[in-house]
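The structure under discussion appears below in the form of structure tokens.
Counting starts at 1 for both ligands and their atoms, in listed order. When a residue number appears, it is its place in the shown sequence, counting from 1.
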Amino acid sequence: MVVKPISSGIESFELSLLKNVISEKYKGRSPVCYLHSYGCQQNVSDGEKIKGELERAGFVFCEDEESADLIVLNTCAVRENAHERVYGKLGELKHLKERNKELVICVCGCMVQQEYVAEKIKETYPHVSLVFGTFALPSLHKMLYEVLAFRKRVFNISENDDPRIYEDVPMVRGSKFKAYVTVMYGCNNFCTYCIVPYVRGRERSREPEAVISEVRQLVREGYKEITLLGQNVNSYAYGFEKLLRALNDIEGDFWIRFMSSHPKDVSFELIDTIVDCEKVCTHLHLPVQSGNDEILKRMNRRYDTKKYLEIVDYARSRADGFSFSTDIIVGFPGESYEQFCDTKAFVRKVGYDNIYSFVYSKREGTRASKLEDNISSKQKGLWLRELLDEQRETVEKLFHRFVGRTLRVLVEEKSKKDGFLTGHSYENIIVEFEGDESLTGSFCNVKILDAMNWALKGKLIDQI
Ligand code: 5AD
Ligand code: SF4
């Protein structure tokens, strides 16, 4: 089904109403917004769009809650601790609201797309005036107008089945040289532990022309790294490999990364495309979740460890430095210690340059939430520690493959702690070296001298 995108381009009636009420309420000064996004890159990118729409209405942004007229918490639902952090923050904000009655507090994003959460906020946190889910961005101006003009509490948790894509949204990006570009929204996979399909709806792909013109514009503005986002970019409706090739053809010196990939949908053609396209970095974030086939089946992942290893082997046969990172869930309901040990062994076998590991968190409404969970959280915590220790040892050895080589690095910042410049290499490994802060945002060649268990240390050769 082809659905015409909704455009944010033209100034709507709601936006002009909002601008009027803002100019009256704040007496001509620009209102100040503090926005914090929890969770994944997709959510950070949504936060940049929310800021874009707020900027159109006249808001400016600050880094501290105390000086804000509007506080926006853009939430994540993927694990319980993400929920707890938001409830904790809302508790703190109560005092701020008591001191400043005009403060507007807003909660949006994945967590509040779940009805029981929106209900809880309505009941327990009366100082929150605006709550909206992941589908409500197109009505942000209207919602905010109602809050400001009529002092109403607005709750907008629309059904998550709107297939339209909201295009031409202005964005206030968090970086001048690294940008996120969404290629698809939603998820169709229904892994049994995961809440995402329930809070972000079904898969919707942006048209390739829209993605290409956004990237072209970013490159023109000087962006050096473009990360394409989607819950599973490999099921991009218009052909992900084709999109990568088209983006690679855009003139300019920049890198292309993407995440996340689903092992069931990764083809050798994708690997060939990464290797052929020099702007596409030779790194794949490929969440494995477990190294045990029985657990993978119960997670509804629809691949096995054999298929996963075929991808890894093929990638490494095409490019030696090819780097893999992954996500792992420890303590899925019913998982035995032996099954967990399979995961540890699998991690060693693949040789990941980075892993993100999480203790399983039961999510209301998912299929796994109905499974009996017989492992104590203390036990799961110990397994997680075991896995991390294993990874730390593995990675230090792995990183030695880079010692003596010169890597291309995008410099990201000067560390406040030790004064080193830090950035990521083409292979997505953190590299530290001495140099001037003015190199931030540019590519440098760095000769690698040493490997630590979380990063490489090197010496600046030249800026390129
Ligand atoms: N519990 C723990 N981790 C989870 N993830 C997703 N759902 C859960 C859950 N219920 C992890 C997966 C996913 C990453 C973004 O978060 O590893 O890849
Ligand atoms: Fe991202 Fe998933 Fe968290 Fe939503 S629930 S912010 S999609 S990690």
Side-chain angles (χ1 to χ4, degrees), residues 37-46 74-85 109-111 113-114 116-117 134 180 182 184-200 227 229-235 257-266 283-292 295-296 298-303 305 308 324-335 339-340 343-344 346-347 350 352 354-377 379-381 383-385 387-388 391:
S37 291
Y38 298 79
C40 66
Q41 286 83 351
Q42 184 70 65
N43 218 37
V44 171
S45 172
D46 286 357
N74 184 27
T75 62
C76 169
V78 84
R79 282 173 292 274
E80 191 57 32
N81 57 9
H83 280 211
E84 276 153 16
R85 280 170 64 201
C110 293
M111 176 175 157
Q113 185 66 43
Q114 303 164 101
Y116 76 95
V117 175
T134 50
Y180 295 130
T182 300
M184 56 187 298
Y185 297 89
C187 182
N188 288 354
N189 292 313
F190 290 94
C191 303
T192 55
Y193 51 79
C194 190
I195 196 70
V196 173
Y198 303 91
V199 293
R200 286 193 171 268
T227 303
L229 299 178
Q231 299 302 332
N232 172 14
V233 290
N234 310 111
S235 54
R257 301 188 186 279
F258 57 88
M259 65 191 312
S260 280
S261 290
H262 195 306
K264 80 176 166 59
D265 297 319
V266 169
H283 161 247
L284 199 53
H285 182 67
L286 196 58
V288 70
Q289 313 297 0
S290 166
N292 175 276
I295 296 290
L296 286 176
R298 296 194 8 236
M299 288 175 161
N300 189 33
R301 291 290 287 173
R302 288 176 283 166
Y303 56 84
T305 48
Y308 191 103
F324 282 88
S325 57
T326 202
D327 293 344
I328 288 174
I329 296 179
V330 167
F332 186 75
E335 183 171 345
Q339 288 170 321
F340 164 68
T343 300
K344 268 199 318 174
F346 191 81
V347 164
V350 172
Y352 290 107
N354 207 352
I355 67 171
Y356 301 87
S357 43
F358 314 98
V359 165
Y360 168 76
S361 172
K362 180 173 169 175
R363 308 317 299 133
E364 190 104 15
T366 61
R367 268 162 60 199
S369 70
K370 298 189 184 69
L371 300 173
E372 195 192 338
D373 191 356
N374 53 350
I375 323 153
S376 71
S377 51
Q379 194 62 57
K380 292 179 186 186
W383 290 4
L384 186 72
R385 180 107 45 85
L387 178 66
L388 290 173
Q391 171 63 9

Any N/O pair Arg79/ligand 1 closer than 3.5 Å: yes
Within-cut-off N or O pair, Ser361 and ligand 1, under 3.5 Å: yes
Is [X] touching ligand 1 with its side chain, its backbone, both, or neither, if touching means heavy atoms under 4.0 Å apart?
X      : result
Val359 : backbone
Ile329 : side chain
Gln289 : side chain
Tyr193 : both

Donor-acceptor side-chain pairing of Arg298 and Asn292 below 3.5 angstrom: no
For the residue pair Asn232 and Asp265, confirm or rule out a side-chain donor-acceptor distance under 3.5 Å. yes
Arg385: which residues meet the side chain to side chain contact (heavy atoms under 4.5 Å, CB included) condition with it, sequence neighbours left out? Asp389
Could you check Arg302 against Asn189 for side-chain contact (heavy atoms from CB on, under 4.5 Å), going step by step and ending with a plain yes or no? CA-CA 9 Å; Arg302 288 176 283 166; Asn189 292 313; 3.6 Å; yes
Establish, for the pair Arg79 and Phe358, whether the NZ or CZ atom is under 6.0 angstrom from the six-membered ring centre and no further than 45 degrees off its axis. yes
Any atoms of ligand 1 less than 4.0 Å from a non-hydrogen atom of Arg363? List them with their elements. 10 (N)
For Tyr360, the atoms of ligand 1 under 4.0 Å from one of its heavy atoms are 1 (N), 2 (C)
For Tyr185, ring pair (Phe, Tyr, Trp, His ring centres under 6.0 Å) partners two or more places apart: none
